[in-house]
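Atoms within each ligand, like the ligands themselves, are counted from 1 in listed order.
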Amino acid sequence: MKRHLRADQRELLLRTALEARDRAYAPYSRYAVGAALLSVNGALYSGCNIENAAYPVTICAERVAVFKAVSEGQREHLAIAVVTEDGGSPCGSCRQVLAEFGLDTIVILADGQGNVRLETDVRELLPNAFTPANLQKKG
Ligand SMILES: [Zn+2]
């Protein structure tokens with residue numbers, strides 16, 4: 001079901017993602033990312049990318065936000081805002097993690113000044129997604 005985001009919710013998400021971006025730990029890529037996730041019940045979770053000297057264990061801002069929410073019991077999300085220098089799009093791993101918790105989650109991509117570059121949803125970002133529905137028992 002198509003979700004609707006109010007203007008004040010969009011503002012809150014963008015502001016929170018911009019603030020989270022300031023906390024990014026990205027000494028290697030120097031590509032700071034901030035995310036903010038709004039659950040359907042109104043709870044807000046922020047995330048930033050956290051890199052590591054052992055590069056593969058780095059984690060993206062989007063997944064930090066989703067994992068914080070899920071670990072607090074929030075699995076249904078209205079929208080996520082992601083802020084990067086150039087309005088970059090979530091990586092494949094983050095798209096898959098977002099898809100796990102709902103293809104209808106709205107995704108807002110903004111640049112470092114908070115200008116929205118794209119507003120879409122997970123279904124559009126990850127067409128033909130492999131989801132929990134694929135693993136449901138038949139019959
Ligand atoms: Zn990612």
Discussion item. Among Leu37, Leu18, Leu78, Leu5, which residue satisfies the side chain to side chain contact (heavy atoms under 4.5 Å, CB included) criterion with Leu13?
Written reply: Leu5
Discussion item. Are there over 12 heavy-atom neighbours, none belonging to Glu85, within less than 6.0 Å of that residue's CD?
Written reply: no
Worksheet item: So how far is it from Thr105 OG1 to Leu98 CG, rounded to the nearest 0.5 Å?
Response: 6.5 Å
Fill in: Salt-bridge criterion met for Arg123 and Asp121 (N-O under 4.0 Å)
no
Practice prompt. Please determine, by modelled atom types, if Ser46 and Glu19 share a side-chain donor-acceptor pair under 3.5 angstrom.
Written response: no
Worksheet item: So, are Glu76 and Arg3 salt-bridged, with charged N and O less than 4.0 Å apart?
Response: yes
Worksheet item: Protein N/O/S atoms under 2.8 Å of the Zn ion (ligand 1)?
Response: Cys60 SG, Cys91 SG, Cys94 SG
